[in-house]
Number of protein chains: 2
Amino acid sequence: MAFDKTRSAGFLANHMARLFAKGLQQNIKPLGLAPAQFMTLLALWEEDGLTQRQLVERLDVEQATMANTLTRMERDRLIERRAHPEDGRSQSIHLTPKAVALREPATSAALAVNGVALGDLSEEERLVFLDLTRRVIDALKQRY
Amino acid sequence: MAFDKTRSAGFLANHMARLFAKGLQQNIKPLGLAPAQFMTLLALWEEDGLTQRQLVERLDVEQATMANTLTRMERDRLIERRAHPEDGRSQSIHLTPKAVALREPATSAALAVNGVALGDLSEEERLVFLDLTRRVIDALKQRY
DNA sequence: AGCAGTTGCATAGCAAGCTATCCAATGATA
DNA sequence: TATCATTGGATAGCTTGCTATGCAACTGCT
């Protein structure tokens, strides 16, 4: 029993993330959104007109991943890619009215999932959980 | 700022799981393993000859996901599917000598990733982290 | 001005998730 | 016993990740 999966942080992290994604997907699918699209919208709702590179930095995903997600969002009429006025290589990503209108219902749906997830934790435990998770992320980011 | 991603458990969970997977992948790729294959091997190292359904239960993934992972593992000569003696529908999954031999190096590699991830936490914080994570998983599993 | 290096994106190809279906084998029951 | 429901797997199709490449546009230097 050298490796008990219920004691492996990596195993648990994977399991937890899949459950979060599943819950989020259920909640936002009626809005016509997929999880990665929602994450991208979070950044654009805060600041519209970002470039693809800026989105990559804010969400910490690979550039190729973001390019594909943006292509699907464009297909679904959530964003438009416009030529960047100052740099011929890049484009600025702009929300459509449809995407702007989704902000309220989508964030509510996502908050509901977080609420369920943390439902059995006290207020203090929630803070501890978020803090520890952030520290684990930081440790992993330094090495990988 | 209704939704700060550094305060969203779901966002952090996704980010953390991706970093874990990235670290694990780096560490076990030289062994010819991919992350999901490793997770499956964890179950089979503990008990060889499980059916696909049993693996699905132990890893809590969908049946279709497991079927595809097993197909890749068969392709990579890590497992063999054998006809089940008592149930014509199912098969029992058996490790090859190659997969048996990978147990030591692969678990070491995975433990190293967990070590890095939890490197900045005290012993007590690690226990708290694992406990809280398990409770979040339980809460999510009940609803989704 | 011209070349070299850097940077921003796109694309190909693969792994691992998921949902939805379908088929064959079992089981239960009228 | 014959039919119907359940169960174990396979397959199709999609999203989201990743790495590896390639190309075009920009920057810096000489």
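Letters A, B, ... mirror the listed sequences (proteins, then strands); counts begin at 1.
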For the pair made of [atom1] in [X] and [atom2] in [N], what is the distance, rounded to whole Å?
{"X": "B:M66", "N": "C:dT19", "atom1": "CE", "atom2": "P", "value": "15 Å"}
{"X": "A:K29", "N": "C:dC18", "atom1": "NZ", "atom2": "P", "value": "14 Å"}
{"X": "B:E57", "N": "D:dG9", "atom1": "CD", "atom2": "C1'", "value": "14 Å"}
{"X": "A:I93", "N": "C:dG8", "atom1": "CD1", "atom2": "P", "value": "13 Å"}
{"X": "A:Q25", "N": "D:dG17", "atom1": "CD", "atom2": "P", "value": "12 Å"}
{"X": "A:K22", "N": "D:dT16", "atom1": "NZ", "atom2": "C1'", "value": "17 Å"}
{"X": "A:L55", "N": "C:dG8", "atom1": "CG", "atom2": "C1'", "value": "13 Å"}
{"X": "B:I28", "N": "C:dA16", "atom1": "CD1", "atom2": "C1'", "value": "13 Å"}

OP1, OP2 of [N] versus side-chain N and O of [X]: anything below 4.0 Å?
{"X": "B:N68", "N": "C:dC18", "value": "no"}
{"X": "A:T65", "N": "D:dT16", "value": "no"}
{"X": "A:R18", "N": "C:dC18", "value": "yes"}
{"X": "B:R75", "N": "C:dA15", "value": "yes"}

* To do: Specify the residue among A:G88 and A:Q63 whose closest nucleotide of DNA chain D lies further upstream toward the 5′ end.
  =>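 Of the two residues, A:Q63 wins.
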* Starting at the 5' end of DNA chain D, which residue's closest nucleotide do you reach first, B:A67 or A:T69? ->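 Counting from the 5' end, the first nearest nucleotide belongs to B:A67.
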* Asked: Between A:R72 and A:N68, is any side-chain donor less than 3.5 angstrom from a side-chain acceptor?
  ->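 A:R72 vs A:N68: no donor-acceptor pair found between side chains.
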* Strictly by modelled atom types, are B:Q52 and B:Q63 linked by a side-chain donor-acceptor pair under 3.5 Å? -> yes
Checking all strands, does [X] fall into the base, sugar-phosphate, or nothing category for heavy-atom contacts under 4.0 angstrom?
{"X": "B:A64", "value": "base"}
{"X": "B:Q91", "value": "sugar-phosphate"}
{"X": "A:S90", "value": "sugar-phosphate"}
{"X": "B:D76", "value": "nothing"}
{"X": "B:T51", "value": "sugar-phosphate"}

* Tell me, do A:T51 and A:Q54 make a side-chain contact under 4.5 Å, heavy atoms counted? ->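 Sidechains of A:Q54 and A:T51: in contact.
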* Asked: Just wondering, do A:L41 and A:M73 contact through their side chains at under 4.5 Å, heavy atoms?
  -> yes
* Parallel, tilted or perpendicular for A:F129 and B:F129, by the 30°/60° rule? -> parallel
* Taking the nucleotide of DNA chain C with the closest heavy atom to each, which residue, A:Q54 or B:D87, is nearer the 5' end? ->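 Nearest-nucleotide comparison on DNA chain C picks A:Q54.
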* Asked: Taking for each residue the nucleotide of DNA chain C with the nearest heavy atom, is it A:R81 or B:E62 whose nucleotide lies nearer the 5' end?
  -> A:R81
* Asked: Looking only at N and O atoms, is any donor in the side chain of A:R72 or the base of D:dT15 less than 3.5 Å from an acceptor on the other one?
  -> no
* Do the side chain of B:R89 and the base of C:dT26 come within less than 3.5 angstrom through a donor-acceptor pair of N or O atoms? ->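 It does not, because no donor-acceptor pair links the side chain of B:R89 to the base of C:dT26 below 3.5 Å.
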* To do: Among A:T107, A:V100, A:L102, find the one that has a side-chain contact (heavy atoms from CB on, under 4.5 Å) with A:E104.
  =>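 The single option meeting the side-chain contact (heavy atoms from CB on, under 4.5 Å) with A:E104 is A:T107.
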* To do: Would you mind telling me which of C:dA16, D:dG9, D:dT16 lies closest to the side-chain atoms of B:R53?
  =>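 Ranking C:dA16, D:dG9, D:dT16 by closest atom to the B:R53 side chain puts D:dG9 first.
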